[in-house]
Amino acid sequence: MLRVLSRIPPGHVATYGDVARLAGRPGAARAVGNIMRAASIPQLPYHRVIAAGGRLGGYGGRESLKAALLMAEGLTVRRGRVLHFTRHRWGGAQATRRGTRASKLMEP
DNA sequence: CCGATGACCACCT
DNA sequence: CAGGTGGCCATCG
């Protein structure tokens, strides 16, 4: 779970659902959110975790800050959403070419 | 241990 | 696109 969060590459983002799935708990997207909120390890790139569909999701209320951080990572956020989300999505870019499944590449 | 929350998600209307 | 519904789960009291 947390280990997955720490593995999100800079310049890329993952949805709560994705993280949950990669952690082996599909459907635990909600729980993932709680983990961040609880923030046992505040040094993790929480801002790289966004809601499904490229929406920002929450960030302790400061979603503007989250957007800023994402922009700093090279992404483009507009009207509360990440543009070209699928391209910056963790595993999204790789998955585009041939059946390259991202799941096996990143979660040993 | 149990119940209540909530930075969520997918599906349907 | 907006709004409602049911489900799944880790934390906290």
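Protein chains get the first letters and strands the later ones, always in sequence-line order, with residue 1 at the start of each. Nothing here was measured: the structure is a model prediction, and the numbers come from that model.
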Testing C:dA10, B:dA7, B:dC9 for proximity to the side chain of A:T15, the answer is B:dC9
Would you kindly give the CG-to-C1' distance between A:L5 and B:dC8, to the nearest whole Å?
14 Å
In whole Å, what is the span from the CG atom of A:D18 to the C1' atom of C:dC8?
16 Å
Would you mind reading off the distance between A:R79 atom CZ and C:dA2 atom P, rounded to a whole angstrom?
10 Å
Residues from residues 26-34 of chain A sitting under 4.0 Å of DNA chain C, heavy atoms only?
A:G27, A:A28, A:R30, A:A31, A:N34
Return the nearest nucleotide to the side chain of A:A38; candidates are B:dA7, B:dC9, C:dC12.
C:dC12
Any sub-3.5 Å donor-acceptor pair from A:K66's side-chain atoms to A:V49's backbone N or O?
yes
Would you call A:F85 and A:T15 a side-chain contact if the rule is heavy atoms closer than 4.5 Å?
yes
So what does A:R55 touch, heavy atoms closer than 4.0 Å: a base, only the sugar-phosphate, or nothing?
sugar-phosphate
Taking A:H47 as the fixed residue, which of A:E73, A:M36, A:E63 is the one that meets the side chain to side chain contact (heavy atoms under 4.5 Å, CB included) rule?
A:E73
Can you confirm whether A:Y59 sits close enough to A:L70 that some side-chain heavy atom of one is under 4.5 Å from a side-chain heavy atom of the other?
no
Taken to the nearest whole Å, CZ/A:R21 to C1'/B:dA10 is 11 Å
Between B:dA10, C:dA10, B:dA7, spot the one nearest the side chain of A:A52, thanks.
B:dA10
Over all strands shown, is A:R37 touching base, sugar-phosphate only, or nothing at heavy-atom distances under 4.0 angstrom?
base
Rounded to the Å, how far apart are A:I35 CD1 and C:dC12 C1'?
14 Å
Going by heavy atoms in the side chains, are A:P9 and A:R48 under 4.5 Å from each other?
no
Which of the following nucleotides, B:dC8, C:dT11, C:dA10, is nearest to the side chain of A:Y16?
B:dC8
Where A:A20 and A:A28 come nearest, the two heavy atoms and their spacing:
CB-C, 3.7 Å
Do you reckon A:L44 sits in the same ILVMFWY cluster as A:L22, going by side-chain contacts under 4.5 Å, direct or chained?
yes
